[in-house]
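For the single chain, residues carry numbers from 1 onward in sequence order. Counting starts at 1 for both ligands and their atoms, in listed order. Predicted, not measured: the structure shown is a model, and the values here were computed from it.
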Amino acid sequence: MNIESLLIHGGIDGDKQTGAVSVPIYQTSTYRQNGLGENNGYEYSRTGNPTREALEKLISDLEHGYSGLAFASGMAAITAVLTLFKTGDKIILSDNVYGGTYRVLAKVFQNFDLNFELVDTSNIESLKNSITDDVKAIYIETPTNPLMTITDIKKISELAKSKKLLTIVDNTFMTPYLQRPLELGADIVLHSATKYLGGHSDLVAGLVVVNNKDLSDRLHFIQNSTGGILNPFDSWLLIRGIKTLSVRMDRHQENAKYISEFLDKSPLVEKVYYPGLKNHVGHEIQEKQATGYGAVISFVLKDTIDINKFFKNLKLITFGESLGGVESLMCHPATMTHAAIPYEIRQKVGIVDNLARLSVGIENKEDLIKDLKSAAELAK
Ligand SMILES: *Cc1c(COP(=O)(O)O)cnc(C)c1O
């Protein structure tokens with residue numbers, strides 16, 4: 001089945017018993033058992049719930065994985081994956097990952113002596129020098145948030161395999177519609193399903209997909225033991241969102257292409273970061289490993305523009321955290337999504353104060369351009 005069909009019919013398609021085309025919401029905490037050790041496959045909803053299972057099977061099908069797991073947020077999913085490691089282990093981390101990923105490692109897991117090192121994973125040679133004996137995994141985002149740095153998933157996975165390390169990919173920005181890291185050799189794929197998969201800014205959820213039984217067993221054990229599961233209603237809502245991913249993403253990308261070209265030419269803009277632009281570093285790798293460029297654009301405004309005024313003057317585009325919804329969202333990485341990253345690191349990697357991140361929605365693209373133009377003009 002092609003991905004557009006799989007988005008709608010993958011996983012557990014509807015309800016066999018009644019013929020309902022929509023998977024029922026099994027709003028239950030527990031299940032009647034018939035006798036000692038006799039049940040119908042379910043005992044307690046932290047351990048297993050049919051609605052959540054339908055979603056878990058769906059994301060696994062979409063990523064071509066062995067199995068999937070659904071969590072209460074992207075961070076809960078990331079946390080569960082990080083608990084695969086032990087005190088003294090070290091993880092190599094792409095150097096402009098999602099701020100919350102950095103924060104949980106720096107402020108929570110560091111207390112348990114799980115170490116990490118920020119590395120420019122787009123540079124394989126420098127990455128090789130960071131692989132010491134305690135390194136157990138390479139954790140990447142590609143494109144990274146917010147600077148759209150591209151990492152070669154296949155090359156990283158090959159290197160990781162040769163050193164017996166796990167490759168973990170946060171695939172939130174691309175979704176399996178555009179990029180499937182497990183097919184390129186990764187072991188674990190993560191999603192903040194809050195973003196494109198949900199797609200409507202109405203839920204918070206996280207997903208994990210793994211490529212083998214051992215990782216699947218270990219993560220199911222962690223999921224049941226630590227309990228950060230996704231509830232039945234949000235599981236259902238997420239299945240509903242996923243069904244329209246291909247049409248939404250097509251429009252998101254059409255708009256993003258148009259807007260990135262507008263920004264690239266604008267005299268009010270210093271620099272544009274969008275993998276779809278031919279001048280974007282890593283554009284060729286992106287073309288090789290994904291079927292599109294997504295719809296997140298970061299750009300640096302000229303310093304003649306007051307960025308706060310620019311944000312305040314936006315009318316159609318919502319100023320706020322998050323991305324991937326049908327509505328366009330703009331944020332200020334330095335003080336919002338990436339505030340947890342120390343100032344010096346931010347400057348070093350390029351998350352400067354005049355940087356804005358735009359998650360391009362599916363509104364009319366001319367309306368979006370009009371809003372950007374007038375907000376920038378009024379902020380001069
Ligand atoms: C939002 C986001 C997360 C965190 O997910 P939540 O659902 O907000 O917990 C992780 N990674 C990326 C790339 C994100 O954009």
Can we say Lys380 and Glu377 salt-bridge, meaning some charged N sits less than 4.0 Å from an Asp/Glu carboxylate O?
yes

Check whether NZ of the Lys or CZ of the Arg Lys309 lies under 6.0 Å from the centre of the six-membered ring of Phe311 and within 45 degrees of that ring's axis.
no

Heteroatom distance test (Thr101, ligand 1): nitrogen or oxygen, under 3.5 angstrom
no

For ligand 1, which part of Ala76 has a heavy atom less than 4.0 Å away: the side chain, the backbone, both, or neither?
neither

Polar side chain donor-acceptor pair, Ser328 to Glu363, under 3.5 angstrom
yes

In the protein, what heavy atom is nearest to atom 4 (C) of ligand 1, and what distance, to one decimal place, separates them?
Tyr98 CE2, 3.4 Å

Counting from 1, what ligand 1 atoms have a heavy atom of Ser73 closer than 4.0 Å?
7 (O), 9 (O)

Could you tell me if Lys136 sits above the aromatic ring of Phe85, with its cationic atom closer than 6.0 Å to the ring centre and no more than 45 degrees from the axis?
no

Which of the atoms of ligand 1 are close to Asp170, meaning less than 4.0 Å from one of its heavy atoms?
10 (C), 11 (N), 12 (C), 13 (C)

Distance filter under 4.0 Å to Ile78 heavy atoms, resulting ligand 1 atoms
10 (C)

Do any N/O atoms on Gly74 end up under 3.5 angstrom from N/O atoms on ligand 1?
yes

Would you call Glu261-Lys257 a salt bridge at under 4.0 Å N-O?
yes

May I ask you to establish whether Lys195 and Tyr98 are in a cation-pi arrangement, using a distance under 6.0 Å from NZ or CZ to the six-membered ring centre and at most 45° from the ring axis?
yes

Within 4.0 Å of some non-hydrogen atom of Ala205, the atoms of ligand 1 are 7 (O)

When you measure from atom 5 (O) of ligand 1 to every protein heavy atom, which one gives the shortest distance, and what is it?
Ser192 OG, 3.0 Å

Starting from atom 7 (O) of ligand 1, what is the nearest protein heavy atom, named by residue and atom, and what distance separates them?
Thr194 OG1, 2.6 Å

Determine, for Lys348 against Glu344, whether the closest basic-nitrogen to carboxylate-oxygen distance falls under 4.0 angstrom.
no

Per-atom contacts of ligand 1 with Glu141, taking only distances under 4.0 Å to non-hydrogen atoms:
13 (C)

In plain terms, say whether Glu125 and Lys128 are close enough for a salt bridge, that is, a side-chain N and a carboxylate O under 4.0 Å apart.
yes

Nearest non-hydrogen contact to atom 1 (C) of ligand 1 from the set Met174, Met75, Lys195 belongs to Lys195

